Protein chains: 2
Amino acid sequence: MSSILQTPQTVTTAAIPLPASPVNLADARIRGQWRPSAEQIADWSLDARIVHMFAEIGTPGTVARNGELYAEDDAVDNLYRIESGVIRTCKILNDGRRQIDGFYMAGDIVGLEFGRRHLYCAEAVSRATFRVVRMRTVHAQIETGGDMSCALWEMTARELYRSQQHILLLGRRSAQERVGCFLLAMANRIVGKDVLDTAGAAFDLPMSRQDMADYLGLTIETVSRTFTQLEATGVIALESARTLRLCNRSVLREMNG
Amino acid sequence: MSSILQTPQTVTTAAIPLPASPVNLADARIRGQWRPSAEQIADWSLDARIVHMFAEIGTPGTVARNGELYAEDDAVDNLYRIESGVIRTCKILNDGRRQIDGFYMAGDIVGLEFGRRHLYCAEAVSRATFRVVRMRTVHAQIETGGDMSCALWEMTARELYRSQQHILLLGRRSAQERVGCFLLAMANRIVGKDVLDTAGAAFDLPMSRQDMADYLGLTIETVSRTFTQLEATGVIALESARTLRLCNRSVLREMNG
DNA sequence: CGTCGTTTTGATCAAATTCAAAAAGTGTGG
DNA sequence: CCACACTTTTTGAATTTGATCAAAACGACG
């Protein structure tokens with residue numbers, strides 16, 4: 001395919017300056033890992049339509065700790081919106097190794113897959129409450145031509161983003177970095193994004209060391225030891241096994257690469 | 001819909017300023033990883049609408065080896081459909097560590113993200129040809145109410161599926177298992193799914209050991225040694241560094257867990 | 001108080017990385 | 001076709017990280 005004409009419009013190379021952007025790139029790079037840039041997040045405002053759908057036609061429910069929302073290979077026919085508690089999605093290899101794919105908390109949507117059957121199961125880390133709608137209903141809404149399918153796309157894209165960050169975490173990071181990134185992300189998630197510099201805010205980790213290990217691709221002992229190290233170096237302070245404070249966020253942020 | 005753009009475009013490649021840093025640049029990601037169940041795959045027939053869109057309004061283009069389709073943080077404004085060659089998507093941490101997110105081959109769609117800016121860059125493992133359409137055009141199609149948004153959802157869901165498999169690979173598998181799974185997936189992708197038991201078919205790996213290492217979260221040395229081991233145990237046969245045959249697929253399949 | 005599940009700590013061990021160098025493969029120009 | 005430069009791949013030895021095995025400490029709860 002010999003082409004003589006080069007249209008500079010489409011394909012950019014490293015040599016071509018990026019379009020001017022309000023976002024400081026260096027900054028974006030620093031926090032690239034766990035938090036999408038503010039800009040990115042803004043783009044992803046979850047369609048209010050989804051929220052309303054759950055509020056209006058969702059059926060409330062609860063799961064006890066370790067209870068199952070659905071199992072691996074179950075048909076995909078419900079969509080859940082978590083209202084309280086924490087859900088984990090995970091897969092168990094045939095020799096017993098477990099990989100946790102993600103943790104879902106209030107406001108998160110669980111159960112969204114395009115295929116017919118679930119690849120991962122969904123279980124409650126702690127007792128959780130939620131609302132369910134049937135996928136059939138969601139599909140019906142799509143048929144009506146609203147922008148429901150766009151909302152589904154958005155949600156799936158967000159999941160994809162999380163997965164990609166997770167890949168980065170598992171592929172190229174040390175145990176310290178994994179735990180550090182995880183804690184920073186959890187803190188942001190739990191105490192909120194606005195208290196970035198309120199180093200003092202203590203919060204509770206909802207999941208066990210084993211859950212963290214299975215999310216981070218480490219053993220429970222390594223996770224525990226890493227906590228001890230991070231405490232020894234003053235990066236975090238443990239008030240109890242599950243309650244901690246981030247004392248040095250900049251160190252944690254650096255771990256983000 | 002008459003095509004507005006018909007001029008083939010070429011991305012200059014030889015001139016791409018790849019810093020000759022000590023950092024090794026490895027290549028990209030694999031589509032069709034880890035075999036979804038046949039059922040799963042069947043559900044995911046890619047909307048023919050997308051294919052036709054590229055055929056009709058896509059602008060052809062090429063990238064040379066190591067050339068860039070887009071960089072990290074570039075605006076998301078094109079969608080690419082690969083026609084030949086291999087593309088990798090990857091991210092480089094600030095200390096030079098690289099993670100390859102996926103490898104894309106003929107028929108795959110590259111560049112799909114919901115956010116405004118790319119999280120990963122896309123580079124050519126080998127000279128590649130493709131067709132581009134502007135995201136703006138795609139969005140316009142969505143507005144018209146067709147099922148384009150459903151197709152986008154489908155594609156994103158497929159990406160998500162692959163990412164999740166990748167997580168499983170990186171989180172809980174040994175070097176041998178990683179390489180084994182990878183080779184099986186590549187063989188399925190390259191020689192086709194129908195020759196599952198044609199153990200003898202030799203095929204070429206399009207990417208370097210470094211690329212594989214960066215995809216698998218290993219070092220290049222470990223990948224190389226693992227090849228040697230797999231050959232020694234008769235699981236694979238290496239005709240040259242890049243050409244191989246899978247001699248014992250059942251062993252490889254077991255590595256999948 | 002005793003039991004059970006979780007977390008921490010300790011002592012090895014193994015897998016993968018790192019550092020270093022040789023070998024094999026590619027491309028160029030004479 | 002060969003020599004030379006350069007890149008990719010393989011191999012070796014030493015080192016490091018995290019895993020494994022084992023047991024103690026801690027906490028919640030009947």
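When reading the values below, keep in mind they use all heavy atoms of this one structure, side chains included, and skip hydrogens, waters and symmetry mates. Only a predicted model underlies this, so the values are computations on that prediction, with no experimental measurement involved. In what follows, chains are A, B, ... by sequence order, proteins preceding strands, each numbered from 1.
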From C-beta outward on B:I220, which listed nucleotide comes closest to its side chain: C:dT8, D:dT9, C:dT18? D:dT9
Under 4.0 Å, heavy atoms only, any strand: does B:S240 hit a base, just the sugar-phosphate, or nothing? nothing
Within this structure, what is the CD-to-P distance between B:Q210 and D:dT9, rounded to whole angstrom? 9 Å
Can you check whether A:R162 reaches B:S163 side chain to side chain, under 4.5 Å on heavy atoms? no
Can you find a pair of side-chain heavy atoms, one from A:V179 and one from A:M255, that are under 4.5 Å apart? no
Considering heavy-atom distances to DNA chain D, does A:E221 or A:S174 have its closest nucleotide positioned more toward the 5' end? A:S174
Given C:dA20, D:dG18, C:dT7, which nucleotide is nearest the side-chain atoms of A:A175? D:dG18
Integer-rounded Å distance: C:dT7 C1' and A:E231 CD: 13 Å
Please check if atom CZ in A:R65 has more than 12 non-hydrogen atoms from other residues, nucleotides or ligands closer than 6.0 Å. no
Six-ring centre of B:Y104, B:R158 cation under 6.0 angstrom, axis tolerance 45°: no
Which nucleotide in D:dT11, D:dG18, C:dT17 has an atom nearest any side-chain atom of A:L218: D:dG18
Can you tell me how far P of C:dT8 sits from CG of A:L205, to the nearest Å? 11 Å
So, is B:R209 near the phosphate of D:dT10, with a side-chain N or O under 4.0 Å from OP1 or OP2? yes
Is A:T222 near enough to D:dG18 that one of its side-chain N or O atoms lies under 4.0 angstrom from OP1 or OP2? no
In whole angstrom, what separates A:Q229's CD from D:dT17's P? 10 Å
Any N or O donor-acceptor pair linking the side chain of B:R225 to the base of C:dT18 at under 3.5 Å? yes
Return the value, rounded to whole Å, for the distance between atom CG of A:D211 and atom P of C:dT6. 9 Å
Over 60° means perpendicular and under 30° means parallel, so classify the ring planes of A:F182 and A:Y215, tilted if in between. tilted
What is the distance from CD of A:Q176 to P of D:dG18, rounded to the nearest Å? 8 Å
To the nearest 10 degrees, the angle between the two end axes of the helix from C:dC1-D:dG30 to C:dG30-D:dC1 (five pairs per end) comes to 30°
Quick check on D:dT11: is either OP1 or OP2 less than 4.0 Å from any side-chain nitrogen or oxygen of B:T228? yes
Looking at A:R242, does any N or O in its side chain come under 4.0 Å of the phosphate oxygens OP1/OP2 on C:dT7? yes
Is it the case that the side chains of B:N248 and B:R253 hold a donor-acceptor pair, with the cut-off being a distance below 3.5 Å and no angle test? no
Just checking A:R65: base, sugar-phosphate only, or nothing, at a heavy-atom cut-off of under 4.0 Å? sugar-phosphate
Spacing of A:L160 atom CG and B:L160 atom CG [to the nearest 0.5 Å]: 6.0 Å
Value in whole Å for how far the P atom of D:dG18 lies from CG of A:L216: 12 Å
Would you kindly give the CZ-to-P distance between A:R172 and C:dT18, to the nearest whole Å? 9 Å
Verdict with reasoning, A:Y120 to A:I100, per side-chain contact (heavy atoms from CB on, under 4.5 Å): CA-CA 9 Å; A:Y120 285 82; A:I100 291 181; over 6 Å; no
